[in-house]
Amino acid sequence: MFSPAGAATRAGPSNALLLAVFFFSPLATSVAPRLTPFFFALVSIALIVAALRHGVGWRQLLPRGQALQALAVWLLLAAYVCLNATWSVEPIDGFDKAAVLAGLAIMSFAAVAAALVLDKRILVRAGLFFAAGAFLGGVFILIELLTDGAMTRTAMTWVPLLQPSAAKHLKVTHGQVTRINLSELNPNVGLALFHLWPGLLALLALEGARRKVATTVFFATLAAVIALSEHESSQMALIGSGLVVLAVRHWRPRAVIRALAVVWCAAFVLVIPASFIVYQSGLHLATWLPISARHRVILWESTAEQTLAHPLLGVGVKSTEALTARQKAAAPPDQPEGFVAPRRTGHHAHSIFLHAIYELGVLGAVLFAIAGAAVVMLILYLPAASQPFAAGTFAAFALVGAFAWGMWQTWFMCVTGLLPLYLRVAAAAGEGRGQRS
């Protein structure tokens, strides 16, 4: 359907590695999200090496103009995180995250610059390989959801190291994993969501009926994965990002993209009052809400309350889990009747916006907001037909980040580095098509 085999033949052996990397990256990370850091490095290196092999000099890999300004902001954020780690509960962990953040920024911007100088035909083929890998990754997750994680259970039985540390997420009988909580597949589902819009963009390279069939099957498969999963955050993000795609495509693209940057920044300002409002409205006691949502309301309110004690500089990067452990050791957590969880902070805030303010303070949150907005504004420099898909991808990431994982989880951090690479390569399919695509 995506014709990657034919593309490989035309690309020649010099580009075979690049095509293979773009095929296996979405496939492997969909199966095992913890491989995301490895494949971020591999995809970045593959693009840079491909550019160098085509006679590009190192200086051409340096970002320019708006991209250089965006990189500078990200490096400034990384430098602040490094400074912030000095008053963290676990300074070594904080320094590690600062280094990861800086490395992600440098490699991602360099790889995007490399993609800009590669032959568009190579990028189109790599995009098709990416779409094929993302599709097969989605099929794997769909099978897992429909079979109660049969393949995952088998792998965990044969390789006990793959089993999660929390026993509540699985059942082991006579050494065999007989049941897993399907929430264990939530990171896999998140990867399917993040692959959705770049994959559809890459499929613009196909023509006629092949394109219609491919985009329909691709979207239906990945949307089914998200809909059948237990990950409400991805389900909300699918709807929200879809609305953003439609707005950019059929309304005023520049205005919508600028509004997306404004909303991103506003989220850092509004997250604390919003946390108090939803708690005071009693949503943590609303039985019609999923338990996970009620738990988040309690967690957000507790974290927002703690944030007010260290508003400017925060409690320190990677301190949330350690401080929560101290609270639990000092006194039993308060869990009033009807509460699904104690009133305390958790391993993380389940919101990158609240997490940033709590640990990095207002100063760090401002830098984080500017860094994200700078990335959004770079969407305006993509081909017109690519802008809706890029905006949808950013919206999907922001919406999932608002409700799901901790901002310092390495695999989740590396997603922020991979998505621009996928989009830049897939954007080659949108070159010259205009909004009619």
Side-chain angles (χ1 to χ4, degrees), residues 40 44 48 59-86 88 94-116 254 257-271 311-314 316-318 351-382 387 390-391 393-398 401-402 406-410 412-424 427:
F40 165 72
S44 300
I48 293 171
R59 291 185 178 181
Q60 291 178 267
L61 300 182
L62 298 176
R64 293 174 174 81
Q66 296 295 324
L68 180 59
Q69 294 176 23
L71 174 59
V73 175
W74 278 99
L75 292 179
L76 181 60
L77 173 60
Y80 172 76
V81 171
C82 187
L83 175 64
N84 180 275
T86 60
S88 171
F95 295 140
D96 174 69
K97 295 307 177 185
V100 171
L101 190 60
L104 282 170
I106 293 171
M107 291 187 67
S108 182
F109 277 90
V112 167
L116 287 172
R254 299 184 70 85
I257 291 170
R258 289 192 177 106
L260 185 60
V262 171
V263 171
W264 165 265
C265 294
F268 290 93
V269 177
L270 300 175
V271 66
L312 183 60
L313 301 177
V317 58
K318 284 290 290 178
S351 168
I352 59 174
F353 304 104
L354 185 57
H355 199 165
I357 298 179
Y358 179 48
E359 291 193 347
L360 304 181
V362 172
L363 181 56
V366 168
L367 290 173
F368 198 3
I370 295 173
V375 171
V376 175
M377 297 309 293
L378 290 176
I379 295 174
L380 295 172
Y381 294 88
L382 290 174
Q387 292 178 11
T393 301
F394 185 88
F397 177 83
M407 63 186 291
W408 302 122
Q409 290 177 263
T410 304
F412 190 52
M413 292 178 69
C414 288
V415 166
T416 66
L418 268 173
L419 291 181
L421 308 187
Y422 292 156
L423 285 167
R424 182 56 260 182

Taking the side chain as C-beta and beyond, is there a heavy-atom pair between Pro420 and Val375 under 4.5 Å? no
To the nearest 0.5 Å, tell me how far Ile370 CD1 sits from Leu77 CG. 10.0 Å
Is there a side-chain contact between Phe109 and Leu378, using heavy atoms and a 4.5 Å cut-off? yes
Do you know the tightest heavy-atom contact between Met407 and Ile352? CB-CG2, 3.7 Å
Is the shortest side-chain heavy-atom distance between Phe40 and Leu421 below 4.5 Å? yes
Determine whether Phe268 and Val362 make a side-chain contact, defined as any pair of heavy atoms from C-beta on separated by less than 4.5 Å. no
Run the side chain to side chain contact (heavy atoms under 4.5 Å, CB included) check on Arg258 and Val376 step by step: do they pass? CA-CA 8 Å; Arg258 289 192 177 106; Val376 175; over 6 Å; no
Taking the side chain as every heavy atom from C-beta outward, state whether Pro63 and Val112 have any atom pair closer than 4.5 Å. no
Of all heavy-atom pairs between Ala369 and Trp264, which one has the smallest distance, and what is that distance? O-NE1, 3.0 Å
Distance-minimising heavy-atom pair for Ala402 and Ser351: O-CB, 3.2 Å
is_close_aromatic(Phe412, Trp408), centroid dist under 6.0 Å: no
Evaluate the side-chain proximity of His355 to Leu360: yes if any heavy-atom separation is below 4.5 Å, no if none is. no
Would you name the heavy atoms of Leu83 and Thr86 that are closest together and state the gap between them? O-OG1, 2.5 Å
Atom pair SG/CG of Cys265 and Leu260 - distance to nearest 0.5 Å: 10.0 Å
Roughly how far apart are Ser108 OG and Leu418 CG, rounded to 0.5 Å? 8.0 Å
One should read off an interatomic distance between Met413 CE and Leu104 CG, to the nearest 0.5 angstrom, of 5.5 Å
Taking side chain to side chain contact (heavy atoms under 4.5 Å, CB included) as the definition, give me every residue that meets it alongside Leu76, ordered by chain and number, with sequence neighbours left out. Leu367
Name the one of Leu313, Leu101, Val366, Val317 that satisfies side chain to side chain contact (heavy atoms under 4.5 Å, CB included) with Tyr80? Leu313
Any side-chain heavy-atom pair from Phe368 and Trp74 closer than 4.5 angstrom? yes
To the nearest 0.5 angstrom, please state how far the CG atom of Leu61 sits from the CD1 atom of Ile106. 13.0 Å
Hey, does the side chain of Glu359 reach the backbone of Lys318 with a donor-acceptor pair shorter than 3.5 angstrom? yes
Looking at every heavy atom in both Leu382 and Gln387, which two are closest together, and how far apart are they? O-NE2, 3.1 Å
Nearest 0.5 Å, what's the CD-CZ distance between Gln69 and Arg64? 14.0 Å
